[in-house]
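To start, the structure itself, in structure tokens.
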There are 2 protein chains.
Amino acid sequence: MSADSGTVEGVRQRNLSRLLRLVHRSGPLSRASLTEATGLNRSTIAGLVMELVTAGLVEERAPESSRRVGRPSPIVAAHPAVVAIAANPEVDAIEIAAVGLDQRLHARVRLPQSSVITPLRTAELIAEQITRWRSAELATADIVGIGLAVPGLVRAVDGLVREAPHLGWIDEPVRDLVAQATGMVTSVGNDASLGALAEHLYGAAVGIDDVVYLNGGASGIGGGLIVHGTPVGGVGGYAGEFGQNRPGIAASADQRAPDGVLEDEVSRGRLLEAVGLGQADDAELAEALDRATATAARDEVERQRRILATALSNAVNVLNPAVVVLGGFLAILAERDLPGLEAAVRAQSMPACGEDLRIVPAALAEDRLLIGAAEVVFTDLITNRLTDRLSSGLVLQG
Amino acid sequence: MSADSGTVEGVRQRNLSRLLRLVHRSGPLSRASLTEATGLNRSTIAGLVMELVTAGLVEERAPESSRRVGRPSPIVAAHPAVVAIAANPEVDAIEIAAVGLDQRLHARVRLPQSSVITPLRTAELIAEQITRWRSAELATADIVGIGLAVPGLVRAVDGLVREAPHLGWIDEPVRDLVAQATGMVTSVGNDASLGALAEHLYGAAVGIDDVVYLNGGASGIGGGLIVHGTPVGGVGGYAGEFGQNRPGIAASADQRAPDGVLEDEVSRGRLLEAVGLGQADDAELAEALDRATATAARDEVERQRRILATALSNAVNVLNPAVVVLGGFLAILAERDLPGLEAAVRAQSMPACGEDLRIVPAALAEDRLLIGAAEVVFTDLITNRLTDRLSSGLVLQG
DNA sequence: GGGGATTGGTGGTCAAGACCAACAAATAGG
DNA sequence: CCTATTTGTTGGTCTTGACCACCAATCCCC
């Protein structure tokens, strides 16, 4: 409301946002490159940067030796003290991290839990961890908000966790609980959607505006969409649930679960079973699959790849993405023969849709969920909460 | 380039666009309601409206008797002379219309063709029709561009028709051909995507930001997506090809085409066959289905509805739309028991995704394709080409 | 070490656009 | 006919950014 988009003051807001977004996403940039990227005047850039510096959001550093003619341009970087707290509650543990506006991971802990974590306990643990960090790693930090990645359906409007089967949560007002416990602005999102966001911004799909992301975890298959460069939520914010789709299965012999959904057929559990493992992490699973000589194991891999290919084709036909990013055990399945999978998907898609398509494994490690959760906080800060940070520079008038 | 988004001049551009978009989409509005809708100052609105009036894009009319206290506010309406030409080439005919910025259909013809129309012939026919109209219905009209709705895959960047199986077109530079023949700005889009756009703006999904649209025609099933209130194209612009998806079919007895795609199973042809008709339009088909007593016909309807429900569920899980709009024979299938179809879709979707979902038949008649095609022209005009229309009002300074 | 090139800093001017306040116009209702 | 209310109209103000000129800083290359 205060930053009317139609008014002249709004221009400055937008330009400040553009600048901050640039240095946040692209990393440290010289002032010269900022003028080039934005098309604004040198003096304008100088003023905008100064405002961001005084707001404590950005830092200017001595220029690097650029190996170029001319006066070196100072480097503008995100202020290292600005951080967001990201958290990811799981069945057996909760992971909490402090992610910097400069894309650095300032701190990170994994707090194992003896029993399944509750929403209230989640809020408590986050609050405790923040106070602990505040007197140590984050003593000088400027915490701008909290982002949660929850393995379940999250209603976008109010951060209510509708259902997190893995955690046993139903209709839990997680956002409000955490906000109350910490007194900080909090946002909650679906873990897979946040993974998609992270891969889009910093991972395997950087610069790609149309992305389909599927992640294979122990509990099933989740996913997220990027359309026009922005994450897709749908009305409720529940979009991306590829795992619940009913896949077309060409050969009926390939079907294991009658009337089952994708994650019943393409599952980590079935892969573990096929190689005779009880529990294993992704690396162990990949290795076991590499070693496996039994035809049963290989057949299971091929079966799952066939079904996955059809499921991906359906998504490709509808969304025509430039890139499909696969994470978790789906990446393992894919990487056993990436061109083969691409070919299989192309064969079942509209030819034109297949042309521009690339299938790639996820590039970010497990902290992609935390990065994505933090990113939501930063996006909110940059686009909506900038005005509040820009303290009164109006004294000059007197 | 000229209208930098970060500069002050861009503000006026955006405000002019907002105003014009409002009167175009919402119809005639009083100046008072424009100030309320935009939050801009009265005097600002006056200036903006005047600029649009002098540009010939908008008209001011005497105020209506508002039955309210106070000075009556003049009505701002889209200028009735501003029109876009919309065309829709089909197998046996080409349909051409002149759609007004005021949402009126100024003129419309259907030109039957003895043989399948070629791209070149399409361009010629459009050009001829325009010259014909120019000396009659559109004598005083201000034609701002041409929009084509093509039943096939259209590459977004250059308007190349990659493949229109129905017309036998492959890699035809339709946009350039039409632009050359007419000398006018031309845009080309997939017919179903344009139908989705029309339903979103003026039809069954007005005000809904997340829409899935499926249209059942004689040649198959096409579709379009609206996400965040804007049409989704994907990288190439081929998004929305639901018909090529491989549906999950729960009961193998329901399968007719082995390894077939959705439009092989759910098809107008199979319905006609089931009721023993050779050719029929949608009304006749609906009536025949109503009359049909043979269990074979009813079974076929139920079979197609089952498969359609699964296909819709898949889309609902991934996109979490607020509304699914069904057109063509899919509307006939759906309307035989709309709550039943909704229930079937809900049963196969994530519960949360199903909650906010409504399934509705398309509200616009067959001209929805033409409306959508014209809309693309208007959107381009409003967002990109406004600058060119605003002729030099700089004389006042002297 | 000097010349050329690029960029930052400062100070000032200029144009553009939106806002604001006061006034005029037009209407309903008494 | 008069008043209250709403809205158009007008002229002035404020903020913002562009542009310019000049100087200083720093680097590459000769």
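In what follows, chains carry the letters A, B, and so on, assigned in the order in which the sequence lines appear, proteins first and then strands, with residues in each chain numbered from 1. Values reported hereafter were calculated over all heavy atoms of this structure, with side chains retained and with hydrogens, waters and symmetry mates removed.
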Before accepting this row, confirm whether a basic side-chain N of the pair A:Asp380/A:Arg385 lies closer than 4.0 Å to the acidic partner's carboxylate O. yes
Considering all heavy atoms, the nearest A:Met184-A:Arg134 contact: CE-NH2, 4.5 Å
Output yes when at least one side-chain N/O atom of [X] is less than 4.0 Å from OP1 or OP2 of [N], else no.
X: B:Arg31; N: D:dT9; result: yes
X: B:Asn15; N: C:dG17; result: no
X: B:Ser73; N: D:dG8; result: yes

Report the nucleotide, chosen from [options], that has the shortest atom-to-atom distance to any side-chain atom of [X].
X: A:Pro72; options: C:dG8, D:dC27, C:dC19; value: D:dC27
X: A:Thr44; options: C:dG8, D:dA18, D:dG8; value: D:dA18
X: B:Val69; options: C:dA28, C:dG8, D:dG17; value: C:dA28
X: B:Ser43; options: D:dT10, D:dT7, D:dG17; value: D:dT10

Length of the [atom1]-[atom2] vector between [X] and [N], whole Å:
X: B:Glu36; N: D:dT7; atom1: CD; atom2: C1'; value: 13 Å
X: B:Arg61; N: D:dG8; atom1: CZ; atom2: C1'; value: 19 Å
X: B:Met50; N: C:dG17; atom1: CE; atom2: C1'; value: 13 Å
X: B:Leu40; N: D:dT9; atom1: CG; atom2: P; value: 16 Å
X: B:Arg12; N: D:dG17; atom1: CZ; atom2: P; value: 18 Å
X: B:Arg71; N: D:dT6; atom1: CZ; atom2: C1'; value: 9 Å
X: B:Ile45; N: D:dG8; atom1: CD1; atom2: P; value: 9 Å
X: B:Arg18; N: C:dG17; atom1: CZ; atom2: C1'; value: 14 Å

Comparing nearest nucleotides in DNA chain D, the 5'-proximal residue of the pair B:Ala32, B:Asn41 is B:Ala32
Assign each of B:Arg42 and B:Leu48 to its nearest nucleotide of DNA chain C by heavy atoms, then name whichever residue's nucleotide is nearer the 5' end. B:Leu48
Is there a side-chain hydrogen bond (donor to acceptor under 3.5 Å, both in side chains) between A:Arg18 and A:Asn15? Walk through the geometry before answering. CA-CA 5 Å; A:Arg18 275 211 288 173; A:Asn15 284 333; 3.2 Å; yes
Sole candidate of A:Arg25, A:Arg368, A:Gln103 that passes side chain to side chain contact (heavy atoms under 4.5 Å, CB included) when paired with A:Leu201: A:Arg25
Report yes if some heavy atom in the side chain of B:Glu199 is under 4.5 Å from a heavy atom in the side chain of B:Val211; otherwise report no. no
